[in-house]
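Remarks on the structure that follows.
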Amino acid sequence: MSTSTPPSPLHYFGIRHHGPGCARSLLRAFESLRPDCILVEGPPEAEPLLSFLAHADLQPPVAVLIHASDDTGLAAFYPFATFSPEWQALQWGAARGVPTRFIDLPQAHRMAIDQAARAADEAKAEAPEETPLGDDETGTVPVSETVEAPEQEQATRTLPDDPFDWLAHAAGYADGESWWNHMVEERGDGEDLFGAIAEAMTAVRAETPDDRRGQRAMEREQQREAFMRQSIREAVKAGHQRIAVVCGAWHVPALQGAATAKADAALLKGLPKLKVLATWVPWTLRHLTSASGYGAGIDSPGWYEHLWQQGHEAAGRTTGWLARVARLLRAHDLDCSSAHLIEATRLADTLAALRGRPAPGLPELDEAVRSVICMGEQAPLTLIRERLTVGDRMGQVPADVPTVPLQRDIEQAQKSLRLKPEATAKTLDLDLRQPNDLARSHLLHRLRLLDLPWGQVTAGQRASRGTFHEVWQLQWQPEFALRIIEASRFGATVAHAASARVMEGLAAETSLAALAEQVDTVLLADLPVAVQAVTRALEDRAALTGDAVQLIGAVPPLANVFRYGSVRQTDSALLSHVLDSLIVRGAIGLPIACGALDAEAAEALRTRLIAAHDAVRLRDAEETTAAWRAALRAIAFGETGAPLLRGVSCRLLLDEAQLDSDGASQQLARNLSSGAPPAEAAAWLEGFLNRNAMVLLHDEAVWSLVDRWLSGLGEEHFVQVLPLVRRSFADFSGADRRALGERAKRGTVGGTAPAATAAADWDETRAVLALPLLRELLGVKA
C-alpha cells in the first residue's frame, strides 16, 4: 500500500520590506491560508514589544530600536510603515491571537560580532606593516550616521550590476526599481505572487557570486539564514500546521534549501553575545527613503502610503493623488483648477495606455502634473515630491513603552511647554519676556548641549544678541531617540544631564575663546551649576596663560554675555571681574604679540583686535578702557609691530577721538614717507583705512598725504604696492569708491585745489539772499 507524503506546513512569503503591493497580497494570502503560526524576519529581542501592537497610540511609521546596553554606538533601527508587509503580518497575528515570532539572527550576536570586528580592524589599522582587509562590509554602523538595513536589500543596491536590473532589462524596463513597482507593488495577486517572487529570486541567487560583498558579509548572511532555518524547524517541531514565513525575498531560496540542522548548528556555534535593549521609537516617512541613508530604503514612501490607502482600484488611485496635489498647490497659492485636474487625469491615462500599463503609476502622474498643472516648471514638482511623494509625516509611540528617565523628562517638558516634536520644519519665534517662551528657550539650548539639535537658532538671531526675541527652526529627527539614550548616562533630567555633560568636557578644553563661548551657552540654557564651573575653568586657564592673543580672543563672547545678559534674565554680574581681568592682561601683552608677524598672522590678529576693541567699548569700564587705549597707543606709535596692526591701532585711536587730526597726519607722514619700504607702507595704509573710506573723503590732510605718497612712488615700487592698495580700496562701498573717484578726478595741488575751485564757483550775491531766512530759523539777530 502506498503512502502519500503529508503536505508541508511551511508557506514562504518573500516580500520587499516596504512594499504596499506585497503587503496587500500578503493579507489576501493570509485570509486564504489562515496560518496558525507567523514567523517574521526581525530581531528576536523585539518580541516583548509585540504586546504594544494593539495600542491605539502606536501609529506607524515607527521603528524598533535595538542597542547594546553598554555601548550605544552599537545600535540598529527596524522601521515599519503602515504599508510594510511585516507590519501587516504582525497586526494580522495580534488581532487573531496567532503566535508570532521574530526569527532573524539576534542583535545580541550581531552586535557582539561587529564589536569584535571593529576592534580587530582598529588593531590592524594601528599595525604599520599590515595590509587592510579588502572587505566592504562594516557591520552595524553607529546610528548617528545611518540606520540598520536588511542585508538582502543592501546586497541588491551595492552591487555594481544590480541583479534586479537584469530581470528589469529582460522585461523591457529601465531599472529594477521601476520593474518591481509595476510588477509587484501596484498589484495585489495574493499567494500566487509569492511563488513567482521565489522563482525569480532563485534564478537571481544562482547567477550572483556568493562573495560579492566580501568574506565578512558572506559569513554574516550565512549565519542569519542558518538561524532562520533553525527557528523554522522549531516551529515545525512545535506541531503548527500552517506556518507563514515572512522574510525578504532574497532569503527565500536559502530558507527553502536542503541545509541540515547539523550544518546550521555548526555555523552558529560559539557566537559571542552582548546584552541589548529594545524599544519602540517614532519614525518618519522621509527616513524610509534610500536618500536618508537607509539601505533598504524606497524612493517614494508617500506614494506607497497612498497606494496602500486607496487599495487596488486604479481610478480612485489616480484621482485621489491628483486631488492631494491640488490641495497642496492651492495651499501655497499656486493655480490648480478643476480643468487642470481633468486634463491631467486624461494625460496620465493616455501615457499609461501608450506604455502598455493597466493604470497610471507615479511616473505618468508626475509627467501629467508637470505638463498640465505646472506648465513645465520644476519648482512646484519639487514641493510635491517633498510633501507628497516622500511625505513628512511622523509616527508616534505609546507613553508607556520602555524608555530611560531622561526620555520621560523630555516628553514631559515638551508636553508642559506645548512643543510637539514634528518631522516637518517650522519656525518658532520666542518672546523672552514671556515665562513660557523663556522656558522653551532654556529647553532648546539644553538639548543642544546634549547633542540634540532639535532647534537651530537662525543666522539673523545669532548676529543680534540684544533682542528680546529668539527665532528657532525646529525639526525632530528619529535618530534623536538613540542620542537621548546615549545622553542618559549624564543624568535623569535635561537640566542635570546638560550640566553634567558640560562639566565633563571642561577638563579637555584648553581654548579660552571656546570656554568664553561656553559661558554664553550655559547662561542661555539657564544652568547655574554649569555657569559656575565654566567660569571657574575660564579663570583658571586665563591665570595660567600669558598668550595675549588667546586672552583677547575670549573677550568678545564674554562682553556679549555681560552686555545682553539682562535681556535673557541671566545673572552675568559674576562675569565682570573675569572679563576685566582678561582685558587688562590681554592689553598688557598685546603690543609684544603684534611684533614679528608675517602678513597672514597679522591679518588674523587684526580680526581679533577689532572684535576685542568693540567688546571693550561694550564693557565701558574706566579701568579696562584706559588699559586698552594704552595698548593701542603702544602698538600705533611703536617701531616693531606689524605695519598692518600699527595702522589699525592708529585708526581705532582716531575714531575714539584719542588721536586728533594733526596726530593722524604725523603718523601718515611717518609711515608713508619716502624712506619707508613700499610694501610696509601699503600694509600700514590698509590697516589705517580699515575698510572705511570716511577719513579719506572728509580729512583733507589725510587725502593729500596719501595722494603725495602714491604720486611719489617710482614705477617699480608702484607696481609692487598696487595689489595691496587695490585690496584696501576694494572693501569700500560702491558709493564711497565713486566719491573717491570724483575727488581724484578733480585733482589736488598741495591739498588746496578743491577749496580754490569751490571759492571760484562761489556766488556771494546769491548766497546773501538766504541769510534772513537762516537768521530766523536759527534765532540769530542781524
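Note that the coordinates shown come from a computational prediction; the quantities given were computed from them, not determined experimentally.
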* Structure fact -> Closest heavy-atom pair, Leu449 versus Arg501, reported as atoms and distance to 0.1 Å, is O-CD, 3.4 Å

* Would Trp283 and Phe80 count as a ring-ring contact (aromatic ring centres under 6.0 Å, His included) if you check the C-alpha gap in whole Å, the side-chain angles of each, and the deciding distance to 0.1 Å? -> CA-CA 8 Å; Trp283 207 247; Phe80 298 94; over 10 Å; no

* Asked: Which atoms form the tightest heavy-atom contact between Asp409 and Thr493, and what is the distance?
  -> OD2-CA, 3.5 Å

* To do: Applying side chain to side chain contact (heavy atoms under 4.5 Å, CB included), run through Gln91 and Leu53 and close with a yes or a no.
  => CA-CA 7 Å; Gln91 290 286 346; Leu53 287 173; 4.0 Å; yes

* To do: Would you check if Thr318 and Thr345 make a side-chain contact, meaning some heavy-atom pair closer than 4.5 Å?
  => yes

* Side chains of Gln475 and Thr424, donor plus acceptor under 3.5 Å -> no

* To do: Measure the shortest side-chain to side-chain distance between Ser290 and Asp299 over non-hydrogen atoms and say whether it is less than 4.5 angstrom.
  => yes

* Straight-line distance of Leu277 CG to Ser69 OG, nearest 0.5 Å -> 5.5 Å

* Asked: Can you check whether Cys22's main-chain N or O pairs, donor with acceptor, with Ser25's side chain at less than 3.5 Å?
  -> no

* Asked: If you measure only the distance, is there a donor-acceptor pair under 3.5 Å linking the side chains of Asp429 and His469?
  -> yes

* Does Pro282 reach the side chain of Val62, with side-chain heavy atoms less than 4.5 Å apart? -> no

* Asked: After noting the C-alpha distance and the side-chain angles of Trp476 and Phe480, does the key distance pass the ring-ring contact (aromatic ring centres under 6.0 Å, His included) rule?
  -> CA-CA 8 Å; Trp476 189 263; Phe480 290 169; 5.0 Å; yes

* Keeping the roles fixed (side chain from Arg330, backbone from Cys336), state whether a donor-acceptor pair exists under 3.5 Å. => yes

* Hey, what do you get for SG (Cys247) to NE2 (His17), rounding to the nearest 0.5 Å? -> 8.0 Å

* Asked: Can Asp114 and Arg220 be counted as an ion pair, charged N to O under 4.0 angstrom?
  -> yes

* Check: Arg24/Gln88 side-chain N/O donor and acceptor closer than 3.5 Å -> no

* Looking at side-chain heavy atoms only, is the closest gap between Leu74 and Arg118 below 4.5 Å? -> yes

* Does a salt bridge link Asp104 with Arg224, judged by any charged N lying under 4.0 Å from a carboxylate O? -> yes

* **Side chains of Pro360 and Trp321 in contact at under 4.5 Å (non-hydrogen atoms)** => no

* To do: Report the C-alpha distance between Glu422 and Leu474 in whole Å, list the side-chain angles of each, state the deciding distance to 0.1 Å, and finish with yes or no for side chain to side chain contact (heavy atoms under 4.5 Å, CB included).
  => CA-CA 8 Å; Glu422 297 176 345; Leu474 300 185; over 6 Å; no

* To do: I would like to know whether Arg387 and Asp392 meet salt bridge (charged side-chain N to carboxylate O under 4.0 Å, His left out); could you show each step before the answer?
  => CA-CA 6 Å; Arg387 302 294 293 275; Asp392 52 15; 2.8 Å; yes

* **Arg205/Glu221 salt bridge by N-O under 4.0 Å criterion** => yes

* Asked: Donor-acceptor pair, Arg448 side chain versus Gly455 backbone, under 3.5 Å?
  -> yes

* Trp92 vs Phe30 aromatic rings, parallel, tilted or perpendicular, using cut-offs 30° and 60°? -> perpendicular

* Contact check, side chains of Trp308 and Glu305, non-hydrogen atoms, under 4.5 Å -> no

* To do: Without swapping roles, check the side chain of Glu343 against the backbone of Val372 for a donor-acceptor pair under 3.5 Å.
  => no

* Is any NZ, NE, NH1 or NH2 atom of the basic residue among Arg346 and Asp349 found under 4.0 Å from an Asp or Glu carboxylate oxygen of the other? -> no

* Decide side-chain hydrogen bond (donor to acceptor under 3.5 Å, both in side chains) for His287 and Glu479; before the verdict, give the C-alpha distance in whole Å, the side-chain angles of both, and the deciding distance to 0.1 Å. => CA-CA 10 Å; His287 282 79; Glu479 57 264 29; 3.2 Å; yes

* Rounded to the nearest 0.5 Å, how far does CG of Leu524 lie from NE2 of His442? -> 8.0 Å

* Separation between CD of Gln310 and OG1 of Thr319, rounded to the nearest 0.5 Å -> 7.0 Å

* To do: Could you pull out the closest heavy-atom pair between Val281 and Ala481, with the gap in Å?
  => CG1-CB, 3.4 Å

* For Pro106 against Pro44, the heavy-atom pair lying closest together -> CA-CD, 3.8 Å

* **Test side chain to side chain contact (heavy atoms under 4.5 Å, CB included) applied to Tyr12 and Leu39, step by step** => CA-CA 10 Å; Tyr12 294 89; Leu39 306 180; over 6 Å; no

* Decide side chain to side chain contact (heavy atoms under 4.5 Å, CB included) for Thr279 and Phe52; before the verdict, give the C-alpha distance in whole Å, the side-chain angles of both, and the deciding distance to 0.1 Å. => CA-CA 10 Å; Thr279 187; Phe52 290 95; over 6 Å; no

* To do: For Leu362 and Trp303, work out which heavy atoms get closest and say how close.
  => N-CZ2, 3.6 Å

* Asked: Would you call Leu49 and Val401 a side-chain contact if the rule is heavy atoms closer than 4.5 Å?
  -> no

* To do: Please assess His445 against Trp472 for the test ring-ring contact (aromatic ring centres under 6.0 Å, His included), listing each intermediate value before the final yes or no.
  => CA-CA 11 Å; His445 282 293; Trp472 294 80; 4.8 Å; yes

* **Tyr78 side chain to Gln107 side chain, donor-acceptor N/O pair below 3.5 angstrom** => yes

* **All side-chain hydrogen bond (donor to acceptor under 3.5 Å, both in side chains) counterparts of Gln309, not counting sequence neighbours** => none

* Asp57 side-chain N/O to Pro398 backbone N/O, donor-acceptor pair under 3.5 Å -> no

* Are more than 12 heavy atoms from other residues, nucleotides or ligands located less than 6.0 Å from atom NZ of Lys426? -> yes

* Residue pair His340 / Asp335: nearest heavy atoms and the distance that separates them -> CE1-OD2, 3.5 Å

* Taking C-beta and beyond as the side chain, do Val390 and Arg385 meet within less than 4.5 Å on heavy atoms? -> yes

For residues 364-371, tabulate all N or O donor-acceptor pairs below 3.5 Å that involve a side-chain atom, not counting sequence neighbours.
{"from": "Glu364", "atom 1": "OE1", "to": "Gly361", "atom 2": "N", "distance (Å)": "2.7"}
{"from": "Glu364", "atom 1": "OE2", "to": "Arg355", "atom 2": "NH1", "distance (Å)": "2.9"}
{"from": "Glu364", "atom 1": "OE2", "to": "Arg357", "atom 2": "NH1", "distance (Å)": "2.7"}
{"from": "Glu367", "atom 1": "OE1", "to": "Arg355", "atom 2": "NH2", "distance (Å)": "2.8"}
{"from": "Glu367", "atom 1": "OE2", "to": "Arg355", "atom 2": "NH1", "distance (Å)": "3.3"}
{"from": "Glu367", "atom 1": "OE2", "to": "Arg355", "atom 2": "NH2", "distance (Å)": "3.1"}
{"from": "Ser371", "atom 1": "OG", "to": "Glu367", "atom 2": "O", "distance (Å)": "3.0"}

* Structure fact -> Between the CD1 atom in Ile103 and the CD atom in Glu225, the distance rounded to the nearest 0.5 Å is 10.5 Å

* To do: Compute whether any side-chain donor of one residue and acceptor of the other, for Arg110 and Gln115, lie under 3.5 angstrom apart.
  => no

* Structure fact -> CD1 of Ile113 to CG of Leu105, rounded to nearest 0.5 Å, is 6.0 Å

* Side chain of His306, backbone of Arg317: donor and acceptor closer than 3.5 Å? -> yes

* Should Thr458 and Gln473 be marked as a side-chain hydrogen bond (donor to acceptor under 3.5 Å, both in side chains) after you check the CA-CA gap, both sets of side-chain angles, and the distance that decides it? -> CA-CA 7 Å; Thr458 62; Gln473 288 291 327; over 6 Å; no

